[in-house]
Amino acid sequence: MRIFAIRDDYIPEDTGMPRKDLAWLFYYEREKMFFTELPDDADPWETPLLLSSFAERGEKTVGSYWSLRWVQQRIVPPDRQNIGMILRDNGLREYDEFGLLMLAMGRCAQDDCYLTEIKEADLPESVRRRFLKRVEDVVPLSQSESRQSESLKTEGCQFGNSQFGSLQSDGICSEICESENFQPEKRQILVFFCDGTVKKYDLGDYFAGHPEFQILTERRDYFERVRPQTGGYGVTWDVNLNISDAELNRMGTEIPLTAGDFKDYVMRSVVNTAEACELLACSRQNINDLVKRGKLHPVKVWERTTLFWKSEVMARKMLT
């Protein structure tokens, strides 16, 4: 990630005022994506054109789409007649927004703004605090079976002295489990934020109000492709299907659970094929046979191994 302060090169000579940062442009090199952060006290009259509408609405983060549009306004367009010659003369093999932006450090004829590269430590504390509200991870919960929920009840609540098991004494584990009734029509996600907050979302109403998300209500396999957006700026399914971290922070139900608790639960609740064989004192062929007969239900299948709920394996052991 590279960070650039957006500054105004025009300062009246008789004021002696120092140049101020009007905004900060973030560029993620691997994903080739831009994001912009505005100061808490952003003045729409000082904020660069196109970004000023966000300042007027009190929004401090500008997403990748509008950040890219701002960049594109400052560089030569890809349909320029002599674009090939321009790229060759500037040592660029292909059209690249960031490369073109760096040629003049963001300067263009429409204003006096320019870019200065800075380090993360140079950002104001108020901006760095926003990073804590970014998305660290997201888990889709749109499963038609309730088996996962039942495993959380029976297995997660037997941990005894474990971190997650200690939650059961406060009734927290049962609260989480009983709220999970996975139905085909539900579209639920669990979001982990960088500050340790965990929230659960039922996105049915949100999708109903945003027609562009209709495909996610129709296809569960597509919905389950959800992942954190670049930089933790929200969750995403596709380049045009995103929910920002700001929206997520306003929505959802906070769950008394941490990412550490969740990882602890997964580590203690899931076993691979080799561990299942050891617990059942049987061969891999026996495990495969149990799966084929519907006696064991895999959590996830890879080419060389399979994951199972430990509680289901232990329940099977009691029958042998």
Side-chain angles (χ1 to χ4, degrees), residues 1-29 31-77 97-135 193-195 197 210 229-236 239-240 242-251:
M1 177 182 68
R2 298 179 67 175
I3 308 173
F4 299 86
I6 302 176
R7 295 172 178 169
D8 194 333
D9 200 28
Y10 175 75
I11 299 178
E13 297 180 357
D14 57 345
T15 63
M17 297 174 59
R19 292 186 174 95
K20 62 181 296 187
D21 293 351
L22 305 179
W24 298 272
L25 183 69
F26 293 75
Y27 179 65
Y28 293 84
E29 296 172 284
E31 298 86 353
K32 295 187 176 182
M33 296 182 70
F34 297 91
F35 291 88
T36 308
E37 294 290 339
L38 303 180
D40 286 345
D41 58 350
D43 185 343
W45 290 98
E46 294 180 340
T47 305
L49 190 65
L50 193 65
L51 304 180
S52 59
S53 59
F54 291 86
E56 290 175 355
R57 295 193 297 269
E59 299 178 25
K60 305 307 179 187
T61 299
V62 181
S64 59
Y65 176 80
W66 288 108
S67 294
L68 177 59
R69 289 292 301 273
W70 183 80
V71 169
Q72 290 172 335
Q73 286 190 341
R74 314 188 71 79
I75 60 178
V76 58
E97 287 90 351
F98 180 73
L100 291 168
L101 186 70
M102 291 295 97
L103 293 178
M105 290 307 293
R107 289 181 170 85
C108 74
Q110 67 181 0
D111 56 33
D112 296 304
C113 293
Y114 67 98
L115 301 177
T116 297
E117 188 162 11
I118 63 173
K119 298 180 180 179
E120 184 175 332
D122 297 327
L123 292 168
E125 177 64 25
S126 60
V127 175
R128 283 186 278 131
R129 281 199 301 267
R130 298 176 196 173
F131 297 161
L132 297 176
K133 295 297 183 180
R134 301 285 184 254
V135 174
F193 293 90
C194 293
D195 64 355
T197 301
H210 297 78
Q229 194 174 17
T230 298
Y233 280 90
V235 298
T236 182
V239 65
N240 296 317
N242 311 299
I243 303 179
S244 70
D245 58 312
E247 290 181 285
L248 292 171
N249 276 288
R250 293 193 296 265
M251 300 159 47

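Worth saying up front: this structure is predicted, and the values here are computed from it rather than measured.
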Nearest 0.5 Å please: distance from the [atom1] atom of [X] over to the [atom2] atom of [Y].
| X | Y | atom1 | atom2 | result |
| --- | --- | --- | --- | --- |
| Q73 | L50 | CD | CG | 5.0 Å |
| R128 | E125 | CZ | CD | 4.5 Å |
| M1 | E29 | CE | CD | 10.0 Å |
| L38 | I6 | CG | CD1 | 8.0 Å |
| F35 | L68 | CZ | CG | 10.5 Å |
| L25 | L101 | CG | CG | 7.0 Å |

Looking at every heavy atom in both [X] and [Y], which two are closest together, and how far apart are they?
| X | Y | value |
| --- | --- | --- |
| R130 | P39 | NH2-C, 3.8 Å |
| D8 | Y114 | C-CE2, 4.0 Å |
| F131 | L123 | CZ-CD1, 3.9 Å |
| D40 | S126 | OD2-CB, 3.1 Å |
| A55 | A42 | CB-CB, 4.1 Å |
| L22 | P48 | CB-CD, 4.0 Å |

Would T36 and F54 count as a side-chain contact (heavy atoms from CB on, under 4.5 Å) here? Give the steps. CA-CA 11 Å; T36 308; F54 291 86; over 6 Å; no
Just wondering, do [Y] and [X] contact through their side chains at under 4.5 Å, heavy atoms?
| X | Y | answer |
| --- | --- | --- |
| F26 | S67 | no |
| N242 | T236 | yes |
| Q229 | R134 | no |
| Y233 | S64 | no |
| M102 | F4 | yes |
| D111 | R74 | yes |

If you apply the rule side-chain contact (heavy atoms from CB on, under 4.5 Å), what do you find for I118 with W24, and how did you get there? CA-CA 9 Å; I118 63 173; W24 298 272; 3.6 Å; yes
Using the rule given for side-chain contact (heavy atoms from CB on, under 4.5 Å), can you reason through D195 versus K133, listing the C-alpha separation, both sets of side-chain angles and the distance that settles it, and then say yes or no? CA-CA 6 Å; D195 64 355; K133 295 297 183 180; 3.3 Å; yes
Restricting to pairs with a member in residues 49-59, which pass side-chain hydrogen bond (donor to acceptor under 3.5 Å, both in side chains), not counting sequence neighbours? R57-E59
Ring geometry between Y27 and F98 (parallel below 30°, tilted from 30 to 60°, perpendicular above 60°): parallel
Indicate yes or no for a side-chain donor-acceptor contact from T116 to the backbone of A5 under 3.5 Å, with no hydrogens or angles considered. no
Would you check if the side chain of R2 reaches a backbone N or O of E117 as a donor-acceptor pair within less than 3.5 Å? no
Test side-chain contact (heavy atoms from CB on, under 4.5 Å) on V135 and F193 and set out the steps. CA-CA 4 Å; V135 174; F193 293 90; 4.0 Å; yes
K60 NZ: over 12 foreign heavy atoms closer than 6.0 Å: yes
